[in-house]
There are 2 protein chains.
Amino acid sequence: MRPIITAFKASPDRGRGLARDMAVRWALEEVGLAYDVRLVTFDDLKSSEHRVLQPFGQIPTFEADGVAIFESGAIVLHVADQRPGLLPADAAARARAIAWMFAAVSTVEPPIVERSMASLLERDQPWFAARQALLDQRVQVRLADLSARLADGLWLDGAFSVGDLMMVAVLRRLNGSGVLEAHPAVEAYVARAEARPAFQRAFAAQRAVFEASEGAVS
Amino acid sequence: MRPIITAFKASPDRGRGLARDMAVRWALEEVGLAYDVRLVTFDDLKSSEHRVLQPFGQIPTFEADGVAIFESGAIVLHVADQRPGLLPADAAARARAIAWMFAAVSTVEPPIVERSMASLLERDQPWFAARQALLDQRVQVRLADLSARLADGLWLDGAFSVGDLMMVAVLRRLNGSGVLEAHPAVEAYVARAEARPAFQRAFAAQRAVFEASEGAVS
């Protein structure tokens, strides 16, 4: 059975690969697992059928061989466990790769998302400008730490792993913000990951969905 | 070799079990693994020795049998993999338990931490009161979804698992805020988890560290 994932029928990111199906598509491409996609509307997310799969009404979900899970991090880890390519065989290195996944979603991503959410939801609030400085600073602290760890390395810890995949998926939310530019090692790291053929295939696949949705409404 | 974890010598949470060593202590207690603690100061966190273990200068870290990792979620998952008790043997149930861990740290925790950070860092800002309403609303949405999923169940998915452990560790940040009270199923769920003997032992252990630090300065 090919895995089935869910993704937005008309993604609010306009095909920039920032919706959370992107990391899952990328992981599936890295390990060479073909998959199917069920596209959902915002109304679908509220349905009780979808809530059974995703209690918070989000995408993506993943179903294959009796496994039905949600949360992009959990799905990426599960996919990485199915085939070689994203998780080191050595137990200690495997544990470190997983540590970088959690660092991506629980240490690096929150200030980045908070910054994006403020740009999106609070732009008209009287406090917007004053808060942006605080938020930028919190993101910069994380990027400086990440830059120090990367130093001259290609990836965070030896070969490319699930840790790099999740970290880059998170850092890509800063593309176009001008924030990454202050950290050339991090910027180069993101570019290196985006150049991977598996990333390119995943990006093209989600982009095609968005373009089809634009065609449908125009 | 007994695992060695790091924790704050003088935790800013004043012994309320909100520092990130708490989830790790709790997991170790649940599976019955004795451990040692190396206490660190805020100055220690900046040291290059600590940064090798924790690139973002945080606690906790975990070292045992050649494994050296950071991020409480990753450590809890690693500990759960060492002994039975926190991860179901069935592969599909195991994947769901891990999905709830990621839901805890990347879907439920961010708005809760954002709310706490605002209370802590932005209380004197002119925008504080107006923003609290927005932040409370984001937290309430997550709690309502969680409440709907819990319904009459004791735990999120069958037996108590790493998913519940991380979720409760996250929800405890709301203790005393008055926010949980609107969701009796969630409030009862947190209380049920806190009543577990393993939680009690972990809580007492971190509390003792705080009390010793108070004694040292008074």
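Lettering follows sequence order; numbering is per chain, from 1.
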State yes or no: are the ring centers of A:F102 and B:F102 separated by less than 6.0 Å?
-> yes
Evaluate whether atom CD of A:E181 has more than 12 neighbouring non-hydrogen atoms of other residues, nucleotides or ligands under 6.0 angstrom away.
-> yes
Counting only heavy atoms closer than 4.5 Å, note whether A:V108 contacts chain B via side chain, backbone, both or neither.
-> side chain
Test log, rule side-chain contact (heavy atoms from CB on, under 4.5 Å), inputs A:L121 and B:L134 = CA-CA 10 Å; A:L121 303 176; B:L134 290 177; over 6 Å; no
Honestly, the part of A:R96 sitting under 4.5 Å from a heavy atom of chain B is both
Donor on one side chain, acceptor on other, B:E71 and A:T107, under 3.5 Å | yes
Closest non-hydrogen atoms of B:A95 and A:V67, given as atom of the first, atom of the second and distance, are CB-CG1, 4.0 Å
Output yes when a side-chain donor or acceptor of B:R131 lies under 3.5 Å from a complementary backbone atom of A:W127, and no otherwise.
-> no
Under a 4.5 Å heavy-atom cut-off, does chain B meet the side chain of A:A68, its backbone, both or neither?
-> backbone
Taken in chain and number order and not counting sequence neighbours, the residues that satisfy side chain to side chain donor-acceptor pair (under 3.5 Å) with A:T41 are A:D44
Looking at A:G66, A:A91, A:A99, which one has more heavy-atom pairs under 4.5 Å with chain B than the rest?
-> A:A99
What pair of heavy atoms forms the shortest contact from A:P55 to B:D145, and how long is it?
-> O-CB, 3.4 Å
From CD1 (A:I98) to CG (B:D81), nearest 0.5 Å = 7.5 Å
Look at A:R138 together with B:E122 and state whether they make a salt bridge at an N to O cut-off of under 4.0 Å.
-> yes
Top residue by heavy-atom pair count (under 4.5 Å) with chain B, among A:M101, A:R94, A:R51, A:H78?
-> A:R51
